[in-house]
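Data block below; observations after.
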Amino acid sequence: MSSSPVGFFDSGIGGISLWMTVNEILPSENTVYLSDSRNCPYGNKPIEYLNEICIKNTEFLISKGCKTIVVACNTATTNSISLLRENFDVPFIGIEPAIKPAALNSVSGKIGILATKGTLSSTLFSQTSTSYLDEVELIKKDGDGLVELIEKGIFDGRVLNNLLIKYLKPMIDFGVDQIVLGCTHYPFIKPLIKKIVKDINVIDCNEAVALQLKNILEINKLINSRTSNNSNHTFFNSSPDNSTINKILENKYEIFNFES
Ligand code: DGL
């Protein structure tokens, strides 16, 4: 059982940013990654549809023998993880916007959050963010259009730069000293975001989630105790276009088709 893979899913390549961090922290773990690019973006889907997709993705990963599931998507986590936990026995690890570390780090008392419409409108996000409102002021921006560009493998250039300025300038003008990346696609454009916001601290919580996964695997005695580093990684994509996945993974893995 401990050599069974850890499953990951996202609407596309975004969760690979988290998968990469997990690989660094847990190099012995075998993994299965499901890129549901056909249904991308998740951020503008009605919650009922999102729930249905998340159930299908989980069923697929469990059919591949996954011992635990990383919901490598803020939108899916904030809207659907409780439903997944009610319906399946495997442990789930989700990812949510890192408001707590941003609030703790902030000196100006103002933080910005860039996330999808689906994450920002979720009950879970609203509960978490409300609990920090005594300590910090929050400016939220829906990064409409960013995920679509990133899925095309666009990580810099004029179009992306202009869109980012539209979302980040109001945060800069508001006086934030922390910006939370509340979508797993955004770490791929962090260098461009940093270029625009300069000294403002840009936070994602990939490392914290990877450490939490380690902790959950240890608690459940599911950690792969094998010491060699030749772990096995399998990728599935629900769209026939694998170009951006291959670009990120430097053509190191075969990508299989997933009929969603
Ligand atoms: N990467 C996802 C997230 O963290 C989903 C983005 C989308 O498909 O809209 O929210």
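Note that ligands are numbered from 1 as they come in the structure, with each ligand's atoms numbered from 1 the same way. The analysis underlying the following values was restricted to heavy atoms, covering all of them including side chains, and did not include hydrogens, waters or symmetry mates.
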Problem - T116-ligand 1 polar pair, N/O distance under 3.5 Å - result: no
Problem - Under-4.0 Å heavy-atom contact with ligand 1, by part of C73 that carries it - result: both
Practice task
Say whether T119, considering both its backbone and side-chain N or O atoms, lies within less than 3.5 Å of an N or O atom on ligand 1.
Solution key: no
Handout entry: Stacked cation flag K110 on F174, 6.0 angstrom / 45 deg
Key = yes
Practice task
For Q127, enumerate each residue passing the side-chain contact (heavy atoms from CB on, under 4.5 Å) test, keeping only those at least two apart in sequence or located in another chain.
Solution key: T123, L124
Problem - Nearest neighbour in protein (non-hydrogen) for atom 10 (O) of ligand 1 - result: T75 OG1, 2.6 Å
Handout entry: Polar proximity ligand 1 side, C40 side, N/O cut 3.5 Å exclusive
Key = no
Practice task
Please state which part of T184 comes within less than 4.0 Å of ligand 1, counting heavy atoms only: side chain, backbone, both or neither.
Solution key: both
Exercise for the section: Only counting residues at least two apart or in another chain, list the ones meeting side-chain contact (heavy atoms from CB on, under 4.5 Å) with N30. Expected result: S3, P5, N224, R226, S231, N232
Exercise for the section: Let me know which of N251, N257, N237 forms a side chain to side chain donor-acceptor pair (under 3.5 Å) with N242. Expected result: N237
Exercise for the section: With heavy atoms only and a cut-off of under 4.0 Å, state how V147 meets ligand 1: side chain, backbone, both or neither. Expected result: side chain
Handout entry: Ring-face cation contact, F155 with K247, 6.0 Å cut, 45° max
Key = yes
